[in-house]
> 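Got a structure here, written out as structure tokens. Questions coming.
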Amino acid sequence: MTGAAAAPRDVAARATAGFRQRYGAEPAGRWAAPGRVNLIGEHTDYNDGFVLPFALPLRTVVAAAVRPDTCWTVWSELADDVVEFGPKEADEPGRVTGWAAYVAGVVWALRATGHAVPGARFAIASDVPVGSGLSSSAAIESAVLAALVELGGLDLPAARWPRLAQRAENEYVGAPTGIMDQSAVIRGRAGHALFLDCRTEEVEQIPFDLDSAGLAMLVIDSRAPHRHADGEYASRRKSCEEAARSLGVPALRDVRVTGLDAALGRLSNDETRRRVRHVVTEDQRVLDTVALLRAGRVRDIGPLLTGSHASMRDDFEITVPEVDTAVEAALAAGAYGARMTGGGFGGCVLALVDASSADAVAAAVTAAYADRGFAAPGTLTVLPATGATRLD
Ligand code: GAF
């Protein structure tokens with residue numbers, strides 16, 4: 001032991017302790033933003049379609065205060081590292097790299113849209129695991145954005161935050177993602193899933209009360225090593241955009257299931273046909289899921305979740321053996337439905353289960369992993385939680 005105080009376990013306390021230790025001062029406030037899972041609607045967001053994510057109880061907390069000059073200093077417990085940048089680095093996308101790029105990207109996006117961003121010091125602590133597909137990057141962006149808007153008294157209503165945080169990720173970090181993650185993280189509400197029309201950005205909070213239905217949502221971290229996920233994501237997006245151009249529509253959202261066969265008949269490439277079929281049927285599965293939840297039929301969404309997984313596996317081809325194993329084992333152990341959530345090539349699987357059988361389903365998945373020689377998965381049950389917020 002070195003005599004240093006043990007790090008506090010609570011994420012907000014860790015952010016505050018990190019701020020005091022790095023900067024020898026008190027933060028002006030603490031802002032939190034959660035990770036997310038997507039209940040259904042995968043790779044539909046950048047096709048102007050529908051998604052239904054919810055915010056997780058796992059959060060990233062940013063303790064922050066303004067500094068007198070126009071520079072930004074960031075410490076994160078994730079890398080136990082301090083990064084400092086000024087306007088020159090902030091104004092040139094790509095200049096700040098690694099985890100701090102998500103912070104610099106937000107500063108860039110705010111400045112690029114004409115906001116006078118105050119210089120600031122940040123200390124970041126997080127319970128959102130990195131690399132598990134639970135949007136740890138959107139959580140950092142959103143918590144930093146919330147902090148800067150308030151510290152700078154910026155005129156920027158929360159409804160515009162998701163698009164701005166997405167720009168940080170697309171244009172500063174260079175990841176061609178859609179608007180789902182930032183929307184879930186910013187606009188999520190406890191006890192609800194967020195039904196988002198990614199074209200109009202209209203949202204509807206859909207009650208998703210697992211507890212009173214005696215259900216639980218099991219999140220299984222597949223622990224699958226990332227296999228070229230970034231390049232595969234970009235290539236899926238490109239195929240979709242090319243397919244929309246071939247079909248003469250603004251986006252694949254404009255092809256509805258009733259017109260799917262006719263649209264497929266106009267495409268000559270089999271792989272492109274499968275990509276289009278995934279997106280069009282997935283949009284419909286989101287709409288069907290929303291209809292069932294509005295009717296209070298939570299259990300009945302199970303087959304739609306499983307259908308979404310099959311579509312991602314067979315048509316969009318973004319699953320890997322670990323996630324397929326987790327889905328199969330969860331279903332065999334009695335889950336009502338199961339699917340990979342997020343961009344693919346690893347990440348997490350969701351399984352809708354009776355609350356009383358969550359442990360047994362988790363154990364069954366762990367056993368199936370051991371049989372296949374995979375590293376043990378992580379498991380936890382979650383309820384929809386609140387989006388980005390100021391803590392105090
Ligand atoms: C990632 C992206 F960031 C989202 O925008 C979305 O496209 C998702 O993959 C797939 O649905 O999380």
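Just follow the structure's listing: the first ligand is 1, and inside any ligand the first atom is 1. Heads up: numbering here begins at 1 and tracks the sequence. Since the structure is predicted, the reported quantities are computational estimates derived from the model, not experimental observations. These values consider heavy atoms only, across backbone and side chains, with no hydrogens, waters or symmetry-generated copies.
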> Considering both backbone and side-chain atoms of Gly342, is one of its nitrogen or oxygen atoms within less than 3.5 Å of a nitrogen or oxygen in ligand 1?
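No - when backbone and side-chain N and O of Gly342 are compared with those of ligand 1, no distance drops under 3.5 Å.
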> Inspect the surroundings of CG in Asp155 and state if more than 12 heavy atoms from other residues, nucleotides or ligands are less than 6.0 Å away.
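No, because the 6.0 Å sphere around CG of Asp155 holds 12 heavy atoms or fewer from other groups.
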> For Thr177, counting its heavy atoms only, list the atoms of ligand 1 lying under 4.0 Å from any of them.
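Near Thr177, meaning under 4.0 Å from one of its heavy atoms, ligand 1 has 2 (C), 3 (F), 5 (O).
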> So, for Phe54 and His192, is the gap between ring centers shorter than 6.0 Å?
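No, too far apart.
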> Quick one: do Glu150 and Arg390 make a salt bridge, cutoff under 4.0 Å?
yes
> Tell me the protein heavy atom at minimum distance from atom 3 (F) of ligand 1, and give that distance in Å.
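I find the closest protein heavy atom is Asp181 OD2, 2.7 Å.
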> Please report whether ligand 1 has a polar contact with Asn38, defined as an N or O pair separated by less than 3.5 Å (distance criterion only).
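No; the residue has no nitrogen or oxygen that sits under 3.5 Å from a nitrogen or oxygen of the ligand.
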> Inspect the contact between Arg253 and Asp197 and indicate whether a charged nitrogen and a carboxylate oxygen are less than 4.0 angstrom apart.
yes
> Would you say Arg30's side chain and Ala64's backbone share a donor-acceptor pair under 3.5 angstrom?
no
> Around atom CG of Asp359, are there more than 12 heavy atoms of other residues, nucleotides or ligands at under 6.0 Å?
no
> Side chain or backbone, does Asp45 bring an N or O within less than 3.5 Å of an N or O on ligand 1?
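Yes - when backbone and side-chain N and O of Asp45 are compared with those of ligand 1, one distance drops under 3.5 Å.
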> What protein heavy atom is closest to atom 7 (O) of ligand 1, reported as residue, atom name and distance in Å?
Tyr233 OH, 2.6 Å
> Just need the protein heavy atom nearest to atom 8 (C) of ligand 1, so name the residue and atom and give the distance.
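Answer for atom 8 (C) of ligand 1: Met180 CE, 3.7 Å.
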> Within the 4.0 Å heavy-atom shell around Gly178, which atoms of ligand 1 are there?
5 (O)
> Counting non-hydrogen protein atoms only, what is the nearest one to atom 9 (O) of ligand 1? Give residue, atom name and distance.
Gly343 CA, 3.2 Å
> Give yes if a backbone or side-chain nitrogen or oxygen of Thr44 is under 3.5 Å from a nitrogen or oxygen of ligand 1, and no if not.
no
> Check if Arg36 has a non-hydrogen atom at a distance under 4.0 Å from any atom of ligand 1.
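It does; at least one heavy atom falls under 4.0 Å.
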> Whether Arg274 and Asp270 form a salt bridge (side-chain N of Lys/Arg under 4.0 Å from carboxylate O of Asp/Glu) is what I want to check.
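Counted as a salt bridge, because a side-chain N and a carboxylate O are separated by less than 4.0 Å.
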> Taking the basic N atoms (NZ, or NE/NH1/NH2) and the acidic carboxylate oxygens, is any pair closer than 4.0 Å for Lys238 and Glu241?
no
